[in-house]
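Please read the structure below before turning to the comments.
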Amino acid sequence: MAAKNKHFASYGHECELTSTREELPMYRTGANLWEQIKNSFQRSIMADDQNLKALRYLRSQKNIETERLRHLRYKYMIHPFSEVRQRWETFMVFVFVCIYIIIPLDLACFNFPLQHNVSELLGWRLMRMCVDLVLLTDVVINFFTGYWDATRQRVVMNPGKVATFVKTSYRFLLRRVRIC
């Protein structure tokens, strides 16, 4: 039994499906270097069968393979259960930890005019600008990432629907911030 099917075997399911990876264009071998880079990128933004969220929500190897085939219609969208999305979320955890350290230090130590060396202030401002740039990048990446629709029990990858979903979720958050 393959390692990826052990999770489903714990529920009493013996998967006998053959892999359809050879059918997917991004898994073809023998291409030139540029095609290999594109294929590697495409694989990294597709649903990953090792992702715990994919195993939880999609529930079977066949559904994961079907989701990969469906993803081919939206080549530049990032699947919410992909390796890239998982790594980005992990990176963002570290960014938020930095924010929770930088902002209080900045307010407590460097918010007073001309009491410190200008180079220290410049370093802190540069660091805050870099953090702000990463947060802006996160917003942009959210517009290119599908989402799990709990009511329909499927991943939405349509760019228009994703943009509407992200805009309404950010609008909701901004309203809550304004109220507080």
Side-chain angles (χ1 to χ4, degrees), residues 1-97 133-174 176:
M1 182 184 316
K4 62 184 172 186
N5 293 334
K6 285 183 183 178
H7 176 76
F8 300 114
S10 66
Y11 293 107
H13 175 73
E14 294 279 338
C15 189
E16 298 176 1
L17 294 174
T18 58
S19 177
T20 57
R21 285 186 159 198
E22 294 79 25
E23 298 172 14
L24 296 172
M26 74 280 317
Y27 290 105
R28 294 183 185 145
T29 58
N32 62 20
L33 181 62
W34 176 246
E35 289 295 321
Q36 289 175 357
I37 291 170
K38 280 183 9 183
N39 292 346
S40 176
F41 172 75
Q42 192 67 39
R43 270 193 310 272
S44 67
I45 65 172
M46 293 180 86
D48 186 15
D49 53 8
Q50 301 298 317
N51 188 314
L52 294 177
K53 285 184 183 179
L55 297 174
R56 178 178 174 202
Y57 291 113
L58 299 177
R59 299 187 182 249
S60 73
Q61 194 65 32
K62 178 64 177 168
N63 286 345
I64 292 172
E65 292 294 329
T66 303
E67 197 61 36
R68 286 179 178 153
L69 288 171
R70 222 172 53 83
H71 187 253
L72 291 177
R73 287 185 276 170
Y74 310 105
K75 288 187 178 188
Y76 299 105
M77 295 296 289
I78 301 170
H79 199 280
F81 306 142
S82 69
E83 178 184 352
V84 165
R85 185 62 185 179
Q86 188 174 11
R87 290 182 185 200
W88 180 256
E89 288 175 358
T90 304
F91 172 69
M92 288 307 294
V93 167
F94 291 115
V95 168
F96 280 109
V97 168
L133 183 65
V134 170
L135 293 175
L136 182 64
T137 305
D138 184 48
V139 171
V140 172
I141 285 177
N142 284 335
F143 278 98
F144 288 97
T145 302
Y147 67 94
W148 175 257
D149 186 359
T151 58
R152 295 179 60 209
Q153 294 292 310
R154 72 184 298 182
V155 175
V156 177
M157 298 290 288
N158 184 328
K161 291 179 181 178
V162 169
T164 303
F165 176 78
V166 171
K167 282 191 289 188
T168 56
S169 64
Y170 279 125
R171 194 173 300 135
F172 172 77
L173 287 174
L174 289 176
R176 294 290 173 213

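- Proximity of R73 to N158: side-chain heavy atoms (C-beta onward) are nowhere separated by under 4.5 Å.
- Evaluation of the side chain to side chain contact (heavy atoms under 4.5 Å, CB included) rule for F165 yields Y147 as partners, not counting sequence neighbours.
- Note: F144 CZ to Y74 OH = 15.0 Å, rounded to the nearest 0.5 Å.
- Distance check, rounded to the nearest 0.5 Å: CD1 of I45 to NZ of K75 gives 10.0 Å.
- Counting all heavy atoms, side chain and backbone alike, R85 lies closest to T145 at NH1-OG1, 3.6 Å.
- Between R68 and A47, the closest heavy-atom pair is NE-O, 3.0 Å.
- Atom CZ in R56 sits 10.0 Å away from atom CH2 in W148 (nearest 0.5 Å).
- We find that D149 and K161 are not joined by a salt bridge, their nearest charged nitrogen and carboxylate oxygen being 4.0 Å or further apart.
- Rounding to the nearest 0.5 Å places OG1 of T164 at 9.0 Å from CZ of F143.
- Side-chain contact between E67 and V155: present, with at least one pair of heavy atoms (C-beta onward) separated by less than 4.5 Å.
- The minimum heavy-atom distance linking L58 with N63 is given by the pair O-ND2, 2.7 Å.
- Of the possible donor and acceptor atoms, one in the side chain of Q153 sits under 3.5 Å from a partner among the backbone N and O of A150.
- Rounding to the nearest 0.5 Å gives a distance of 13.5 Å between CE of M46 and CE of M77.
- Taking the ring centroids of F81 and Y57, they lie under the 6.0 Å cut-off.
- Not counting sequence neighbours, the partners of T66 by the side chain to side chain contact (heavy atoms under 4.5 Å, CB included) test are K62.
- For the residue pair V162 and N142, the shortest heavy atom distance occurs at CG1-O, 3.9 Å.
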- request: Give the C-alpha distance, both sets of side-chain angles, the deciding distance and a yes or no for side-chain contact (heavy atoms from CB on, under 4.5 Å) between F91 and R87.
  value: CA-CA 6 Å; F91 172 69; R87 290 182 185 200; over 6 Å; no
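- D49 and Q61 make their closest contact through OD2-NE2, 3.5 Å (heavy atoms, listed as atom of the first residue, atom of the second, distance).
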- prompt: Between E35 and N32, is a side-chain contact (heavy atoms from CB on, under 4.5 Å) present by the stated rule, with each step listed?
  reply: CA-CA 5 Å; E35 289 295 321; N32 62 20; 3.1 Å; yes
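- Expressed to the nearest 0.5 Å, how far CG of L136 lies from CD1 of I141 amounts to 10.0 Å.
- For the pair L55/I64, a side-chain contact is recorded, criterion being any heavy-atom separation below 4.5 Å from C-beta on.
- Scanning both residues, S44 and S82, for their nearest heavy atoms gives O-CB, 3.5 Å.
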- prompt: Do L135 and F96 pass the side-chain contact (heavy atoms from CB on, under 4.5 Å) test, and can you show the C-alpha distance, the side-chain angles, and the key distance before you say yes or no?
  reply: CA-CA 9 Å; L135 293 175; F96 280 109; 3.9 Å; yes
query: Between R70 and R154, is a side-chain contact (heavy atoms from CB on, under 4.5 Å) present by the stated rule, with each step listed?
result: CA-CA 11 Å; R70 222 172 53 83; R154 72 184 298 182; 3.2 Å; yes
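- Under the 30°/60° scheme for interplanar angles, the aromatic rings of H79 and H71 are found to stand perpendicular.
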